[in-house]
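Take a look at the structure set out below.
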Amino acid sequence: MLLAILSGFLLATVAPAVHRQTGMNSGWVLAILPAALFLYFLSFLPAVGSGESIVISYPWVPGLDIQLSFLVDGLSLLFALLISGIGFFIVAYAGRYLEGHKDLGRFYVLILSFMASMLGLVLSDNLISLFVFWELTSITSYLLIGFNHEDATARRSALQGLFVTVGGGLALLTGLVMMAVVTGSYELSEILSSGDALRDHGWYVAIVLLVLLGCFTKSAQVPFHFWLPRAMAAPTPVSAYLHSATMVKAGVYLMARLNPSLGATDLWLILLGVFGALTMFTGVFMSIRSTGVKQVLAYSTVMALGTLTMLIGVGTDTAIMAAMAFLLAHSLYKGALFLIAGILDHEAGCKDFLQTGGLRHALPITATFAAIAALSLGGVIPMFGFVAKELLFEAVLEAPSLSGLLSLLTVASAILVVAVAAVVGIKPYWGPRVETPKTPHHEAPPAMLAGPAVLASLGLLFGVGVAMVDRGLLSAAAGAVYGSPVETYLSLWHGFNLPLMLSLLSLVLGLTIYFNWDRFRTATGFMDDLKRFGPERAYDKSMDGLVSISEWQTRVLQNGYLRYYLLTILLSTVALVTFSIARAGGLEIQMSLAGVRIQELAIVAVLLLAALVSVTTSSRLGAVASLGAVGFSVALIYVLFSAADVGITQVLVETLTVIMLVLVLFRLPGFLGLTPQALRIRDAVVALAFGVMVALLSLAASSTRFADSISEYFIRESEPSGFGRNIVNVILVDFRALDTLGEIVVLALAAVGVYAMIKLRAEDNRK
Amino acid sequence: MIGPLAWNILLAMLWMGFTGSFTGTNLFIGLALGYLVLAYALRGIPAFANYATKVPRTIRFIGFFLWELILSNLKVAYDVLTPTYYMKPGVIAFPLEARTDGEITIVANLISLTPGTLSLDVSSDRKVLYIHVMYLDDEAEVVKSLRYLEHRALEVLR
Amino acid sequence: METLMAFVVGGLFAAAIYMMLRRSIVKLVIGLILLSNGANLLLFTQAGMLRGAPPLVPLGATQPEGVVADPLAQALILTAIVIGFGVLAFAVVLIHRAYEVVEADDMDQMKDTDT
Amino acid sequence: MRPEVALPVVLPLLFGAISLALWRYRTAQRVIGVLGTGTLLAAAVWLLLATWRDGVLVMHMGNWQAPFGIVLVSDLLGAIMVVLAAISGLATAVYSLTAISKRHEHYGYYPLLHLLLAGVNGAFLTGDIFNMYVWFEVMLVASFALLILGGERAQMEGAIKYVTLNLVSSAIFLSGIGLLYGLTGTLNMADIADKLADVEDTGLITVIAMMFLVSFGIKAGAFPFFFWLPASYHTPQVAVSALFAALLTKVGVYALFRVFTLIFTQDVGYTHEILLWVAGATMLTGVLGAAAQYEFRRILSFHIISQIGYMIMGLALFTPLALVGGVFYIMHHIIVKANLFLVSGLVYRLKGTYELKELGGMYRSHPILGLLFLVPALSLAGIPPLSGFFAKFILIRAGVEAESWWIVFVALLVGLLTLYSMIKIWAEVFWKAQPEEHANRPAPGPKGTGVMYGTIAVMAAMTVFIGFGAQPIYLIAEQAAHQLLDPQIYIDAVLGDRS
Amino acid sequence: MQSLILRSASQLLLPLLLMFSIFLLLRGHDEPGGGFIAGLVAASAIALHMFAQDIHQAKRVLYADPRDLVGWGLVFGVISGVPAIFKGQAFFTSQWLEFTMPILGKIKVGTPLIFDIGVYLVVVGSVLLILLTLAEAED
Amino acid sequence: MLEVSIFVSYVILSIALGLTFVRLVIGPSLPDRVVALEMIATLTVGFIAVYTLSSGVTAFLDVAMVLALTAFLAAVGFARLITKGGGVHHD
Amino acid sequence: MTDVVVSLFLLIGAGFMFVAALGLLRMPDLPMRLHATTKAGALGGGLMVIAVGLEFFGDVAVAARAAAIIIFIVLTAPIAAHLIGRAGYFVGLPMWSKTLKDELKDRYDPQNQVLLSPGEVSSEDKPDRDKAE
Ligand code: NA
Ligand code: NA
């Protein structure tokens, strides 16, 4: 199983090489893998069809409970078959569609990787490995949408798709983690039986919202639907595969998958039902309003995704069965239609339905299969699409709540779907010949026709022979979604009932709209203005906003002024310390000036005054000289309080510092009065605050002592063990030699740095 | 002067080593004995020729100089401590008799340390020492006393 | 004395920070010097201050007579002084070079790298 | 006696000293550069294995018993950091073979590199708070010198901010040490922890903890102390940038981990709450800072900051899993961030610029480089199954378990925005066509880029490995976190079991 | 700086200060002093010479290149910690040898002394490297 | 007797330090400040001498010795700077 | 007895220090301030150090250090005074208004750093100087 899933990645790594070897037949060669996978998954059908579910597990990061575990049941098998089956045609198709394209090799890499990711996603039993594959589909999809990467629009669309889906993915991750925390497991097979625990938990609402956020973004539900039509920037095989048959259904898959554990609540029904229905209607409405070939198809995909979501939300066994049937039907006809759209583009250069018409003579085979697929899309008997649509009507009519709203939107959508079907099935091929950008000379090659032909035909076949897919595959899938075996079965003919009436009604009204297509589009032209308030606008705004915030933040925080950096840091420090002191209820401080000698007072006074002078003087070298005075005073303090070595060092260092300053400052100009008075006062206040803070801390720490110093040890051991009478020096070269070593390293480094700085400059000057 | 002095100190060190007593008194004894050895026993060697006379002369000079130093300081102190200024400062050019760098340096420094005079600089041709004088009431008198100081110093040095 | 020193340390920190908040890079250096002095004195203060008892063992003895000042703190300060000197040497030359490159003693003209 | 504890400090010191002494011989320095860092890596791995096997290892330097002498202590966190430092060091040394010009080698590039590593490793291993200050300074001055190697205006300007703010940090650190010494009379961290453990009135200790928070926060580049980083990290030689990006801030993070798990655990509810806010703000400001940037290395620099936020988040949540996440994050980030800088260097090498707007067309011309960029870039953004995903995932789970919703939200949002920046680089440098007007910019050219490619590829492979082989990494991080959460293990190892 | 007085005085001061520096180095283990202080004094002596004479004179007096001093001083410093490892002791465990010499009596020589010499060399080298480079740049 | 003298000396030196400091502050020229700095160093030597007497610890004389040397060095440095024209005119 | 002598040296030394400091403050121009600090400072410092030497009379170490300090002060004080004094003079610090005469005036050429003796001719008038310098 693991090999089956990873085989796509493995083949991807050698795909460019295979492509180079096999040239124009590379599509067929590489398509062997999806074909083999299809057969492999088909072999699970008997077991799964009889209600079994198979779990296979490989350890990955056991410490985090992350397994590469896979679950094969009806639902995952249905998806796996669709992915590998359609994948076969896509790969073969792409070999010809992109023939001669310089990046075809890379294309194979991506499409195969994508397929593998998608398989991993639907087969994963472990939530985290599911998420891993989920994100991989986003990334591969990003790279595929941006396949024509030198085109700025493609890049932008790719980013949009990625951003929306990954953003949702992160919400999903949180939801999944929360689920795992509640149920104590990441394994779907265990979580699915913990539905009650989840629904009763206080986190339930949050989990549902987060998971749905992930699913909705991935499956382009309103209000996140906008990215999908944009994704049509990708090459047509990609659109066919990712954006109709597979990736966008990942969200639907997950909702279906989690239905047993998260579903069956009002929240679930309302969220899925309402958003699904809205998406459905919005999708189809936008679809009929569009004229671009891929746009029309893309929006109709949005419609389908909405429908599926709505059905999962409704959650009755009929609804679930309807969802599975609709899923299958949609995958077949939409795959076919997209591939046909590719043929139109490839052969006639048409990207817009308005550019098309009367192509039935030039492309008779294409026209035939387009018609079959469109019939399925329109839900015309005896296509499989009809079967699905009947069940859909039945499901919404019987919905436990919101039935009225859902039915209304469903019927309205069905009407428009018929119109869309007419646009894609009739407009290009019938009617007067319209001048196309390219004149088609012949039909597309077999590799390109195979997919539409087989997929469209299956739509007809499954319609006529519903039983082929009904009891084995679809009922198993529906059972997995429903949580227990479903009792509803499919049939082509239900008798004259309300759903059939609605079908007929939609057929009539839909065709009416088709024949008044131009007028319809004009009449609804006001909708374009509404786009300004739409979610895409919000996306753009937030992207611009991000950059603006970023610029603003950089302007405010990273403003380039060192002193503002310092000010921020210092004020933060003061605030943190003050707050902590307040929280501790003040500090215990003992102040006493007893025993201070007069000379000490004098020295301290000079020290402080010299510091003050060095701060306030307008003379640069005066400041340096005052600094010298500070240094000598400090040295004196060291000496007066028993630190001879420190005193000597201080004196030496002070002097060398002064000399260095003198050497360096020689060239520098005098101080300028750069800062206005008010700012100086502000700085003085900050400086004083910090000084007071340090002084307080010093006082507090001097007043408190938790333990005796370890110095006693050095005093005792210096002579006997260190063989030296100058205890400080023994500490420096023996007890704590490592410190001293570090210290001379610092000195050496500083010297090397100074040397480099100056010599490099000298070299530059010489040039 | 430096060479024999170093020998003298070395002898004193040896003395202390031999006697095994490292006290100030013993050092003094060592120095004195060393002086005697160098001044009399080795007076035939050219390097030590004048050592016998130089040492007492040097000591006398140091005494003289210290006295001058104290006097000069008292004078300055008086001027500093009293509210009115008695100074009549000026910069004069003092023609040097000292020739070598070492001589010039020592003379200049001695002048700086004595009454109201401060060596500012030596001319580039080393002929003249520019001196800041604090009490220039009588320039001739000042030059005369400076000359006297220079003579006594050179006496020790040469 | 620790009380008095707390004021000294605080004063040094305040002076240092005020200097570092100026636009002049020269003042920045002065601020850095004051800062390191302040930190060293803080450490010195914290070790407890003792007059006239350097941590030296008299010749022939194995331990000092009586109480002596904390040698550890002194060793630390010594290390800190040296490190501070090294760092400062670097900083001074850096500022010198920066001045040559920017041709102004003004930090405000050195903000191109940030934005 | 376990020599392996001291080797990661002594070896680079020795190599640094020798290559400094051999300043006249450039070739010798290059050889020592690679061999030395290679040896260091071997020693570091030895140390990690030994620590993994035998628990916390201690060397009493100079044979002076703790707490009197300086001890070097290798717990797992320290050992891990040392290994990472060695990896980045070796990568930098190899990369530098062609990336660093002769004149920079002549002015001490390799000695600086070794001594920087010595400082970093010293900071990771020392068990003495003052000694840590010393190593911080070693590292700092070495980094100062490396930063200005080149002498351009931008380097000067960046360096002034870098130097100043880091010196402020050092002064605050030193003051904190002084105050701690005043309270406890000791410098050994285990001893300090031990002495503070029984203290009842912890107010003052918490206040002092704030000093350490600020000081290490500056070093780590945390909010609101990070300003020096974006001002300087994009200015030096790119190999230097990479090393800085990998190591320097992490030393600050390490120090935060060390003191806030060992010493300042009196009032966790308060101190770690503050750390959590710091973490969140750091993540956000870092990632937002990057969004408006259009210079390769500047973007990367801002992202260092946001990534630091994640590490601090691990510390701040202070649960076992959170600490695992923090440690894991550090491991992941050092490899990834260094590599991204190295990639930027190669791009520069080939194109002569770091400006995204002037770059383009590299996916077409250098697809392998594109792949080698995507691996660390997506890893940084937390895309599975690369290393960054697991790092973030652990933290998210820890955040969820701790019910710290807002930090979880921030962490996720920042992940998304990181992706935004990485994708921006990808789109601008690789996907976009080369803008005509900048097509003929002079560039150093492809000569000798093989070594650079090799280095980048190995680092990318490590990123992939940390992802696919997350289990062993996780186990080490888990054990490290276990040691961090139970300071008594550390204390007993250093001071001996006195019960 | 063209001062005859300073120039000739420095001829006397230089040996005096260098002697003083070595004195500080050798007795630093027992009295105030040590490698660091001694190194600074030696560096100051040569710096003074540099001011009084010129850079070339100062370099001539120093004889070694300051960078060599820094490098080898550092090598000394690190190496002095290594012998212990061969005796199975921790790095930087001090090793002492005791001699009995005529006149001087018992003398203890140990690795801390070597370490101190390393410190001395590094300090002299570093400080002079900085000062000489700066002074050169100034001219 | 000696205690009193020591105390008095301290007082005198402290006052002297104050006076010197005033000169340091008011300048007006850099050379004036340098002289003041020199004087502070000399006063420090004095302080150390008194301190040695009062504490009986002679180790601090070493500080005085170094001080005498380095103060001179600083003066030389400043003089060099001033002679080169730095720090007087545009100070 | 020792106490008295020591005290005497100490107090006189301190007194001279005071004089030096006061002189530094009160004297009207740089050379005169130098007069005060060079002489009084050196003497005061010297006397105080002698006091220390006397107090620890017999201790070679102390005596040697005291001697070294004194020698050092006496050696360096006049040199420092000379350096600062000439520096101040050459950069044109104003002399006290009541200064009687100045024979150094205009004798120094900062360009060539040449100080002429009173009889010499200014270098610019010498024809043989290398103009390129
Ligand atoms: Na840093
Ligand atoms: Na970093």
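All of these numbers come straight from a predicted model, not from anything done at the bench. Excluded from the calculations below are hydrogen atoms, water molecules and symmetry mates; all remaining heavy atoms, backbone and side chain alike, are included. By convention in this document, chain letters (A, B, ...) are assigned in the order of the sequence lines, proteins followed by strands, and residues within each chain are numbered from 1.
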* Structure fact -> Applying a strict 4.5 Å limit to non-hydrogen atoms, the region of C:Leu28 in contact with chain A is side chain
* To do: Pick one of side chain, backbone, both or neither for C:Ile77, based on which atoms fall under 4.5 Å of a heavy atom in chain A.
  => side chain
* To do: Below 4.5 Å from any heavy atom of chain C, which atoms of A:Arg705 appear? Answer side chain, backbone, both or neither.
  => side chain
* Option in A:Leu601, A:Val615, A:Val746, A:Val624 with maximal non-hydrogen atom pairs under 4.5 Å from chain C -> A:Val615
* Side chains of C:Thr79 and A:Asp739: is there a donor and an acceptor less than 3.5 Å apart? -> no
* Structure fact -> Cut-off 4.5 Å, heavy atoms of chain A, and the answer for C:Leu76 is side chain
* Measure the CE-CZ distance between A:Met660 and C:Phe90 for me, rounded to the nearest 0.5 Å. => 12.0 Å
* Mind listing the closest non-hydrogen atom pair of C:Asn37 and A:Gln650 along with its distance? => OD1-NE2, 3.3 Å
* To do: Apply the test side chain to side chain contact (heavy atoms under 4.5 Å, CB included) to residues C:Thr62 and A:Arg716: give CA-CA distance (whole Å), side-chain angles for both, the deciding distance (0.1 Å), then the verdict.
  => CA-CA 8 Å; C:Thr62 56; A:Arg716 202 172 59 239; over 6 Å; no
* To do: Quick one: closest heavy-atom pair of A:Val728 and C:Leu78, and the distance?
  => CG1-CD1, 4.3 Å
* Structure fact -> So, the part of A:Val596 with a heavy atom under 4.5 Å from chain C: the answer is both
* Name the member of A:Met591, A:Met757, A:Glu654 that forms the most heavy-atom pairs with chain C at distances under 4.5 Å. => A:Met757
* Asked: Going from CG on C:Leu21 to CG on A:Leu570, what distance comes out if it is rounded to the nearest 0.5 angstrom?
  -> 6.0 Å
* **Separation between CG of C:Leu4 and CG of A:Leu699, rounded to the nearest 0.5 Å** => 10.5 Å
* Contact origin within C:Leu42 toward chain A - heavy atom pairs under 4.5 Å -> side chain
* Side chain, backbone, both or neither: which part of A:Ile715 has a heavy atom under 4.5 Å from chain C? -> both
* Among A:Thr740, A:Val686, A:Ile637, A:Leu612, who wins on heavy-atom pairs under 4.5 Å with chain C? -> A:Ile637
* Select, from C:Val92, C:Ile33, C:Leu50, the one with the greatest count of heavy-atom pairs under 4.5 Å involving chain A. => C:Leu50
* Structure fact -> When every non-hydrogen atom of A:Ser642 is compared with those of C:Pro55, the smallest separation belongs to O-CD, 3.5 Å
* To do: Would you mind reporting whether C:Asn40 and A:Tyr638 have side-chain heavy atoms less than 4.5 Å apart?
  => yes
* Asked: Mind checking whether C:Arg23 and A:Tyr561 have side chains closer than 4.5 Å, heavy atoms only?
  -> no
* Structure fact -> Turns out that what part of A:Glu712 lies under 4.5 Å from chain C's heavy atoms comes down to neither
* Given that the side chain runs from C-beta out, which part of A:Ile648 has a heavy atom under 4.5 Å from chain C: side chain, backbone, both or neither? -> neither
* **Per-residue contact mode, C:Arg51 against chain A (heavy atom under 4.5 angstrom)** => both
* Test side chain to side chain contact (heavy atoms under 4.5 Å, CB included) on A:Leu566 and C:Ile17 and set out the steps. => CA-CA 9 Å; A:Leu566 274 169; C:Ile17 282 164; over 6 Å; no
* Asked: Side chains of A:Glu719 and C:Gln63: does their closest heavy-atom pair fall under 4.5 Å?
  -> no
* Asked: Can you name the nearest heavy-atom pair linking A:Arg736 to C:Leu72, along with the distance?
  -> CD-CD1, 3.6 Å
* Minimum heavy-atom distance C:Gly11-A:Leu608, with the two atoms named -> CA-CD2, 4.1 Å
* Compare all side-chain heavy atoms of C:Glu2 with those of A:Gln590 and state whether any distance is below 4.5 angstrom. => no
* Quick one: what part of C:Leu56 sits under 4.5 Å from any heavy atom of chain A, side chain, backbone, both or neither? -> both
* To do: Would you mind telling me which of C:Ala6, C:Ala47, C:Ala91 has the largest number of heavy-atom pairs within less than 4.5 Å of chain A?
  => C:Ala6
* Largest heavy-atom contact set with chain A, pairs under 4.5 Å, which of C:Val68, C:Thr45, C:Leu41 -> C:Leu41
* To do: To the nearest 0.5 Å, tell me how far C:Met20 CE sits from A:Tyr565 OH.
  => 14.5 Å
* So what's closer than 4.5 Å to chain A heavy atoms on C:Ala80: side chain, backbone, both or neither? -> neither
* Which residue out of C:Val29, C:Val87, C:Val8 racks up the most heavy-atom pairs below 4.5 Å with chain A? -> C:Val8
* Looking only at non-hydrogen atoms, find the nearest pair between C:Gln46 and A:Ala701 and report the distance. => OE1-CB, 3.2 Å
* Asked: When only pairs under 4.5 Å are counted, which of A:Ala695, A:Ser718, A:Ser711 shares the most heavy-atom pairs with chain C?
  -> A:Ser711
* Asked: Under a 4.5 Å heavy-atom cut-off, does chain C meet the side chain of A:Tyr713, its backbone, both or neither?
  -> neither
* **Interface moiety of C:Phe44 toward chain A, non-hydrogen atoms closer than 4.5 Å** => side chain
* Structure fact -> If one checks every heavy atom of A:Leu607 against chain C at 4.5 Å, the contacting part turns out to be side chain
* Given a strict heavy-atom distance threshold of 4.5 Å, which part of A:Thr657 is in contact with chain C: side chain, backbone, both, or neither? -> both
* **CE on C:Met1 to CG on A:Leu593, rounded to 0.5 Å** => 9.0 Å
* Which of A:Ser709, A:Gly691, A:Gly724 touches chain C most, by non-hydrogen pairs under 4.5 Å -> A:Gly691
* Most chain A-contacting option - heavy-atom pairs closer than 4.5 Å, from C:Leu88, C:Leu12, C:Leu59 -> C:Leu59
* **Gap separating the CD atom of C:Gln74 from the CG atom of A:Leu732, nearest 0.5 angstrom** => 10.0 Å
